[in-house]
**Student:** 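Below is the structure I would like to discuss, written out as structure tokens.
Every number for a ligand or one of its atoms is a count from 1 in the order of the listing. Here the structure is a predicted model, which is why all the values come from computation and not from measurement.
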Amino acid sequence: MDIHHCIIIGSGPAGYTAAIYAARANMHPILFTGAEPGGQLMITTEVENFPGYPNGIHGPQLMDDLQKQAERFETQVRYEKITGVDFTGPIHKVWTESGEVISAHAVIISTGASAKWLGIDSEKRLMNKGVSACAVCDGFFFKGKEVAIVGGGDTAAEEASYLAKLCPKVHLLVRKDHMRASKIMQERVQNTANIQIHWNSETVEILGEDGVTGIRIRDVKNSTVSEIPVSAFFVAIGHSPNSQPFHGWLDMDDQGYLVTKPGTTQTNVAGVFACGDVQDRIYRQAVTAAGTGCMAALDAERYLTNSGII
Ligand code: NDP
């Protein structure tokens, strides 16, 4: 059985950046794209905050460019999902969906995280037409417009504050009579004049045909339904790290994010590295994912060199 130098699992900015660095270091990486090649940026329209694109770039175009750059240095890209792993020994094994077993000395995990959605029909229909799970990515497009955001955690609080700098009014929809966000973030939101908090509010429907024109919300205490005209609807109800195949093998926090040794991408298993959103619950930006992808490839290269493999 062939033992490869390096396998990369996941095809977002972290995975492709790891591939570019690993390929250029002669590690002949095989990158498994997973079920959603390109990751979260494939469902984004314009990306304006990735350095190097003064006029912005479409998310899918950016991912296509990253893939081409990785392939230019002979990364082998395989459109398959990894469903299981065995990290028992120094030779790491991964299973593809079709049951094939691939072995490697180093494994870089960049499987990302998926935004949680409310699950209502209008949310799906208006996705990218005013419905977004990333205010930092898409808020700018609604500068000067009235917008709404749902969630009661730190992300919702932080993104509501961010939107309040761009928009004349931000409606924050919280499903309970209190927020889960840290005290300081709650205070910031409550002290911002143009953020209106709607307590005990549930989103019934997002209104609009080709773009968001408003929302219909229900007060869960008295069942009163009301409508608010808004141009965008942001969902900030949390993310789930895509770490399921690694349960039982790798250290994770209480929410399933992979734990890495501070300042490195090293997991608790020698030769297994994690980068991008699957190990980052705080920043979650394309550029930070790319940065940790670079770190993972450098860490893997050092590991292979120190082990006498390359
Ligand atoms: P959280 O899981 O902390 O919060 C999710 C929020 O969304 C909760 O208020 C929850 O309500 C609400 N929610 C969940 N499902 C629904 C639904 N179907 N409808 C309406 N509301 C819903 O996620 P976050 O992304 O906010 O934070 C994740 C982690 O990242 C946290 O540990 C947070 O502290 C951290 N973080 C830290 C930051 C910082 O320090 N600067 C910035 C951003 C995040 P309920 O409370 O009722 O369950």
Side-chain angles (χ1 to χ4, degrees), residues 39-40 43-44 49 111-127 131-139 147-165 170-192 195-207 212 215-221 223-226 228 230 232-244 251-260 262 274 276-289 292:
Q40 290 191 80
I43 55 160
T44 313
N49 54 9
T111 42
S114 303
K116 292 183 187 163
W117 297 97
L118 295 177
I120 54 178
D121 288 346
S122 47
E123 176 186 57
K124 205 177 276 173
R125 187 167 52 79
L126 291 164
M127 179 102 52
V131 171
S132 163
C134 181
V136 180
C137 318
D138 298 328
V147 301
I149 178 164
V150 57
D154 279 327
T155 302
E158 195 168 78
E159 296 202 339
S161 300
Y162 176 85
L163 290 168
K165 294 185 192 124
V170 178
H171 298 272
L172 175 59
L173 313 174
V174 180
R175 68 177 173 183
K176 292 187 179 145
D177 62 0
H178 60 273
M179 291 179 74
R180 192 194 293 194
S182 54
K183 202 117 201 100
I184 186 165
M185 304 282 270
Q186 290 192 41
E187 279 169 9
R188 194 170 302 157
V189 164
Q190 284 167 11
N191 294 330
T192 302
I195 297 178
Q196 182 179 349
I197 304 180
H198 301 260
W199 301 106
N200 304 305
S201 289
E202 181 183 272
T203 311
V204 181
E205 196 180 348
I206 307 159
L207 308 170
V212 172
I215 46 169
R216 187 172 296 135
I217 60 171
R218 177 169 43 226
D219 185 315
V220 292
K221 286 230 158 132
S223 293
T224 317
V225 174
S226 56
I228 310 171
V230 291
F233 182 77
F234 294 93
V235 181
I237 60 172
H239 282 76
S240 310
N242 301 320
S243 58
Q244 300 80 350
D251 288 348
M252 298 179 189
D253 69 11
D254 57 348
Q255 288 175 42
Y257 286 88
L258 299 184
V259 175
T260 52
D277 288 8
V278 71
Q279 54 83 59
D280 172 18
R281 59 151 77 185
I282 307 288
Y283 301 103
R284 299 196 295 249
Q285 299 300 301
V287 68
T288 49
T292 56

**Student:** One pair per line, please: each N/O atom of ligand 1 matched with every protein N/O atom under 3.5 Å away, atom names first, then the distance to 0.1 Å.
**Tutor:**
from, atom 1, to, atom 2, distance (Å)
ligand 1, 2 (O), Arg180, NH1, 3.1
ligand 1, 9 (O), Gly152, N, 3.1
ligand 1, 9 (O), Gly153, N, 3.3
ligand 1, 11 (O), Arg175, NE, 3.3
ligand 1, 25 (O), Thr155, OG1, 2.6
ligand 1, 26 (O), Asp154, N, 3.2
ligand 1, 26 (O), Thr155, N, 3.0
ligand 1, 26 (O), Thr155, OG1, 3.2
ligand 1, 32 (O), Arg281, NH1, 2.7
ligand 1, 34 (O), Asp154, OD2, 2.6
ligand 1, 41 (N), Glu158, OE2, 3.0
ligand 1, 46 (O), Arg180, NE, 3.3
ligand 1, 47 (O), Arg175, NE, 2.9
ligand 1, 47 (O), Lys176, NZ, 2.9
ligand 1, 48 (O), Arg175, NH2, 2.9
ligand 1, 48 (O), Arg180, NH2, 2.5

**Student:** Thinking salt bridges, do Arg175 and Glu202 make one under a 4.0 Å N-O criterion?
**Tutor:** no
**Student:** May I ask you to decide whether Arg281 forms a salt bridge with Asp254, counting only side-chain N to carboxylate O separations under 4.0 Å?
**Tutor:**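 Looking at Arg281 and Asp254, the cut-off is met.
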**Student:** Restricting to side chain to side chain donor-acceptor pair (under 3.5 Å), what partner residues turn up for Glu205, sequence neighbours left out?
**Tutor:**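 Side chain to side chain donor-acceptor pair (under 3.5 Å) check on Glu205 returns Arg216.
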**Student:** Under the criterion side chain to side chain contact (heavy atoms under 4.5 Å, CB included), which of Thr288, Asp277, Val136 is the partner of Tyr283?
**Tutor:**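 Exactly one candidate clears the test, Thr288.
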**Student:** Ignoring hydrogens and angles, state whether a donor on the side chain of Asp219 or Thr224 is under 3.5 Å from an acceptor on the partner side chain.
**Tutor:**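 No, no side-chain donor-acceptor pair sits under 3.5 Å.
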**Student:** Can you spot which of Met127, Glu123, Glu159 makes a side chain to side chain contact (heavy atoms under 4.5 Å, CB included) with Val235?
**Tutor:** Glu123
